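Single-structure report; data block below.
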Amino acid sequence: MTSQKSSISTFSFTFLSALKGNFFLPLLNMIAITIVGPVLSFLAIKNFDNYNNISQYSGTSETTVNKITDLYKFLIFDQYSQISFNIILHFSVIAFSVFLGVIMFRFIANKKTVNVFYSLGITRKNIFVSKYLAGILMLSVSIIIPFIICLVINILTFGSSTELYSAVFYYIAGYCAISITAFSLTAAIFSCVGTVIEGLTFSGVILLGPTILLYSIQFFMNKLTLGSPYGHFYNSDSQLNSLANSFSKLNPILFLFNNVKNIGSLSRESVDSEYLWNTPNYASIIIWFSISVALFLLGMYLFQKRKAEICGFLGVNKGLNFLSIFLVGLFAMSISILSCESLIIGISIGASIYILLYCIIDFSLIRNLKEWITGLIKLPIHIGLVLLIVFIFANGLFGYSSHIPKLDKIENVEITPVSYTGIIDPVNSNSLGEGDYLYSVSVGSPINGFNSKKDIKTLTSLHKLFISSGKLELSPQNINIPVKEQVYSTSIRIIYH
């Protein structure tokens, strides 16, 4: 029987060994974040001062701001580049977190190394916990240090401020949440698969799963479901109305992106203007920290219940096998349907790609021809499930296409003006400027102010007319059809409040 003192000593040894043997990837992560964060922050500050000094010397500007502190309260990321920088940070943090999880928990998929760990006199629980804590410690430090350097640079330049501390803390908390989520998921995946390649592949697929699923749904809605607002440009700033963006809080790799893309700096238009600062929202960060804890507990439980006999064997986790094939196949089907004019052709191509992907992936997991052929009985289930999803989207998505709020529930309505991408050439128009031409017009901002009962009733009646008309066939080009009978594609958005 192992004493408590011995168990603690072995736990500490495993923890320290994990730190010593796996620090390289967190170090690379820290270097990447340092280059994107502190280094570029320092260069942005210096370039701003150099530009204004040159402008003042050359006399090219009537009014020159000589100090960056006149317009900025802090500058972690340049306001024109912070979206690009945050994309790089997301990629770096997620990639290094997953790879660190692979490196630290790959011993689970190797029968020799796992037997060595089991012989150390330490429980499975303590093995998992010690390695997990070592991993999140290294990842957290690799994120904290660069942003602390950013904090010091900004304090030396601009002085301390509540907004600066708030922004730095938000960056640290947010990127730690992303990192720990990716690391926790990888650890949990390795606890229930038999090989390293499966651990890496399934971790990537599950992390991308919400993105794949949401874009697949968006593509289906865009092509099949009348009245879908997703996949269209509605705002005057030309931002795509994306389903993935609307549900980014549910996405382990995107939940932070919309919140951090605008807090990299705090600036104002002139020295007479006020600084406008919005306190960051921590809801999604708290949610994903909680999910990380759940993944940690799940991984620890699975590791304790894991059978050592599955080490080195592919395809032992049927659930992950099915989910991975389904997500990849569903995405292929959605792209095929979106890309083809004919729904039948789109479904046929999508189904063919799905079958091909299924055969390749399933055989690579089984690697036994006889067992693989026997297992093909699952293929109709896959295809049937995807076709059922297509049928649901093509038939109104459970009443989504025909839904209009009740009149007594509507306070006001907004509607975008009619738009068209192209040039309508009415009959008998023989030259530019003669006849009624409608040039390419993008969907602008919605027109509001429709709040009377008459306005609301009129717009809901218009909406009902759209629904009853269904999907119309577009008018063929260069055919002699009266203008009133011509049918052209347009995008109209009705918003109920």
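If you're wondering where the values come from, they're calculated on a predicted model, not measured in any experiment. Just so you know, these numbers use all the heavy atoms, side chains as well, and skip hydrogens, waters and symmetry mates.
Checking each of Y132, F303, F183 against F296 for a ring pair (Phe, Tyr, Trp, His ring centres under 6.0 Å) leaves exactly one that passes, namely Y132.
For the atom pair NZ (K249) and CG (N258), the distance works out to 9.5 Å, reported to the nearest 0.5 Å. Considering CD1 of I355 and CD1 of I360, their distance stands at 12.0 Å, rounded to 0.5 Å. Rounding to the nearest 0.5 Å gives a distance of 6.0 Å between CD1 of I335 and CZ of F219. Here the CG-CG distance, from L256 to N251, works out to 11.5 Å after rounding to the nearest 0.5 Å. Going from atom CD1 of I212 over to atom CD1 of I217 covers 12.0 Å, rounded to the nearest 0.5 Å. Summarising the geometry, atom CD1 belonging to I127 is positioned 9.0 Å from atom CD1 belonging to I108; distances are rounded to the nearest 0.5 Å.
For F15, the CZ atom is densely surrounded, since the number of other residues' heavy atoms within 6.0 Å is greater than 12. In the displayed structure, Y400 atom OH is contacted under 6.0 Å by more than 12 heavy atoms of other residues, nucleotides or ligands. The 12-atom threshold is not exceeded at CZ of F23, counting heavy atoms of other residues, nucleotides or ligands nearer than 6.0 Å. With a 6.0 Å radius and a threshold of 12 heavy atoms from other residues, nucleotides or ligands, Y301 has its OH atom at or below the threshold. Residue F289 qualifies as enclosed at atom CZ: its count of foreign heavy atoms under 6.0 Å is above 12. Residue F322 places its CZ atom among more than 12 non-hydrogen atoms of other residues, nucleotides or ligands, all under 6.0 Å distant. Few gaps surround OH on Y275; more than 12 heavy atoms of other groups in view lie less than 6.0 Å from it.
The two residues V39 and I35 make their nearest non-hydrogen contact at CB-O, 3.5 Å. Taking all atoms of both residues into account, the shortest heavy-atom contact from C150 to I76 is SG-CG2, 4.0 Å.
A side-chain donor-acceptor contact under 3.5 Å links S179 and S97. Side-chain atoms of E198 and T195 form a donor-acceptor pair, as typed in the model, at a separation below 3.5 Å. T14 and N126 share no side-chain donor-acceptor pair at under 3.5 Å. Under the 3.5 Å distance criterion, with hydrogens and angles disregarded, a donor-acceptor pair is assigned to the side chains of Y170 and N259.
Ring planes of H90 and Y175: perpendicular class, angle over 60° (limits at 30 and 60°). Below 30°, between 30° and 60°, or above 60°: for H382 and F326 the angle between ring planes is between 30° and 60°, a tilted geometry. Aromatic ring orientation, Y72 versus F158: tilted (interplanar angle from 30° to 60°). By the 30° and 60° cut-offs, the orientation of the rings of F147 relative to Y171 is parallel. Ring planes of F363 and W372: perpendicular class, angle over 60° (limits at 30 and 60°).
Taking the six-membered ring for Trp and the full ring otherwise, the centers of F190 and F105 sit at least 6.0 Å from each other.
Residues C192 and L320 are in side-chain contact: their nearest non-hydrogen atoms beyond the backbone lie under 4.5 Å apart. Side-chain contact between L164 and L151 is present, with heavy atoms from C-beta onward closer than 4.5 Å. Using a 4.5 Å heavy-atom threshold, the side chains of L200 and F99 count as touching. Side-chain contact between I68 and L75 is present, with heavy atoms from C-beta onward closer than 4.5 Å. Taking 4.5 Å as the limit, every side-chain heavy atom of S334 sits out of range of all side-chain heavy atoms of Y215.
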